[in-house]
Protein chains: 2
Amino acid sequence: MRTKNPTTRPRKLPIARRDGIAPVSQSAEYALRVMTCLARGDQIARTAIDLAAEASVPVHYLSKVLRRLVAAGLLSSQKGHGGGFVLARPASKIRFADILGAMGEAPVGGRCAFGWGKCDAKNPCPLHPAWSALSDALQSWAGDTTLADVAAGATHKKPRRRG
Amino acid sequence: MRTKNPTTRPRKLPIARRDGIAPVSQSAEYALRVMTCLARGDQIARTAIDLAAEASVPVHYLSKVLRRLVAAGLLSSQKGHGGGFVLARPASKIRFADILGAMGEAPVGGRCAFGWGKCDAKNPCPLHPAWSALSDALQSWAGDTTLADVAAGATHKKPRRRG
DNA sequence: CCATCAATAGACCACGATGTCCATAAACAG
DNA sequence: CTGTTTATGGACATCGTGGTCTATTGATGG
């Protein structure tokens with residue numbers, strides 16, 4: 001039964017704050033970490049506890065993240081003894097954009113950085129050229145990078161060129 | 001005359017949420033907008049109300065943003081009749097990175113995206129190659145783009161509907 | 001069947017970011 | 001000097017994100 005402590009008091013929550021220009025949310029970063037872990041290992045199921053340790057993510061919070069990744073069809077899960085999480089498809093078929101999308105980070109679409117309703121090359125807001133340079137870079141990064149890239153890299157990676 | 005209403009008002013706060021991959025915080029985006037407005041105009045002082053309208057930013061919140069920009073030495077301010085805000089130095093000398101820095105967005109420093117304490121080319125985390133590609137792009141964007149760029153941009157091509 | 005393991009679900013909380021509002025200080029016009 | 005105009009400063013409110021915790025469901029092994 002839930003003890004429901006009415007005097008919930010002494011919690012120290014060292015919430016991870018954004019300490020710089022962060023292209024993605026904390027949750028999305030956690031998702032990238034854990035997907036990377038899974039891509040680097042064999043295809044055996046890894047438990048949430050195991051993954052949390054490797055990716056340095058709070059266990060209970062990670063389980064929420066994992067749930068979303070399962071719901072998005074990027075992971076499959078198995079309960080019970082010997083269960084855990086596995087990639088739902090080959091690492092080369094999972095783009096960073098898919099992972100970010102699963103975490104609710106839309107693909108940076110056409111939103112105008114200047115606050116105009118719409119803004120395009122024909123009728124650009126003052127920030128348009130500078131901003132689209134940035135968002136193009138972000139978008140192609142997320143769209144072109146796959147888990148296979150990070151799985152291969154890390155220890156001794158090849159200078160992999162995307163384009 | 002309004003006197004400090006003690007009862008909790010049912011205020012509608014349509015807080016702007018991140019609706020996608022957002023490289024900078026909302027405040028920082030506001031700062032970029034307003035600095036762009038100032039760079040595009042003449043060097044005459046603009047009031048906060050004026051700027052808020054042009055940049056589509058809540059007035060009272062904008063004044064906080066402006067304060068931070070003044071404190072950072074990017075703007076100078078003048079009180080009283082005819083007062084307002086002006087760029088503290090030429091637009092070509094104000095980089096986006098300066099503006100983001102003033103809003104507390106550190107230059108995306110060496111923080112490891114995988115949660116490792118330290119992580120560099122010598123001892124890279126699994127995400128390092130992919131992540132540094134992204135943060136390099138961000139950093140050079142912020143470091144290379146100046147207000148002169150956006151001022152020159154869509155300026156004299158005033159979006160005027162021809163008749 | 002029962003114990004155990006592990007995912008699923010969601011209530012709850014803390015805190016920072018965003019946003020509103022009011023009071024005060026400075027500069028100027030009359 | 002008085003009043004208006006403007007920036008400055010800070011007290012609040014609200015919401016989403018990050019994080020903790022407990023209970024439940026499903027699978028496996030004995």
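Since we're looking at a predicted model, the values are computed, not measured. Letters A, B, ... mirror the listed sequences (proteins, then strands); counts begin at 1.
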field: Side-chain donor or acceptor of B/W116 paired with backbone N/O of A/S56 under 3.5 Å
entry: no
field: Single-linkage hydrophobic cluster B/V34~B/V70, side-chain heavy atoms < 4.5 angstrom
entry: yes
message: Please enumerate all residues that pass salt bridge (Lys or Arg N to Asp or Glu O under 4.0 Å) together with B/R95, with sequence neighbours excluded.
response: B/D98
- prompt: Quick one: does A/R33's side chain have a donor or acceptor within less than 3.5 Å of a partner on A/V57's backbone?
  reply: no
Separation of D/dC15 P from B/Y61 OH (nearest whole Å): 16 Å
Between P of D/dC21 and CD1 of A/I49, the distance in whole Å: 14 Å
- prompt: Does the C/dA9 base have a donor-acceptor partner in the side chain of A/R67 within less than 3.5 Å?
  reply: yes
message: Quiz question: by atom type and distance under 3.5 Å, do the side chains of B/S27 and B/Y61 form a donor-acceptor pair?
response: yes
query: With nearest nucleotides of DNA chain D determined for A/G80 and A/L62 from heavy-atom distances, which residue corresponds to the more 5′ nucleotide?
result: A/L62
message: Check this for me: does the side-chain of B/K64 come within 3.5 Å of the base of D/dT8 through a donor and an acceptor?
response: no
message: How many whole angstroms separate atom CD of A/Q26 from atom P of C/dA17?
response: 13 Å
statement: Comparing nearest nucleotides in DNA chain D, the 5'-proximal residue of the pair A/H60, A/S27 is A/S27
message: In whole Å, I'd like the distance from the CG atom of A/L69 to the C1' atom of C/dT8.
response: 14 Å
message: At less than 4.0 Å, is any side-chain N or O atom of B/S77 found next to OP1 or OP2 of D/dT8? Yes or no.
response: yes
A/T47, nearest nucleotide to its side chain (from C/dA7, D/dT8, D/dA7): C/dA7
task: Report the distance from atom CZ of A/F85 to atom C1' of D/dG26, rounded to the nearest whole Å.
output: 13 Å
query: Phosphate oxygens OP1/OP2 of C/dG19: is one of them under 4.0 Å from a side-chain N or O of B/Y30?
result: yes
- prompt: Is any side-chain nitrogen or oxygen of A/Q78 closer than 4.0 Å to OP1 or OP2 of D/dT28?
  reply: yes
field: Atom pair distance, as rounded to whole Å: NZ in A/K79 and C1' in C/dA3
entry: 17 Å
task: Tell me which nucleotide among D/dT20, C/dA25, D/dT5 gets nearest to the side chain of B/H81.
output: D/dT5
task: For B/L66 and D/dG10, give me the distance from atom CG to atom C1', rounded to whole Å.
output: 16 Å
task: Using atom CG of B/L51 as one end and atom P of D/dT6 as the other, report the distance to the nearest whole Å.
output: 12 Å
- prompt: Can a side chain N or O of A/S63 be found less than 4.0 Å away from OP1 or OP2 on C/dT8?
  reply: no
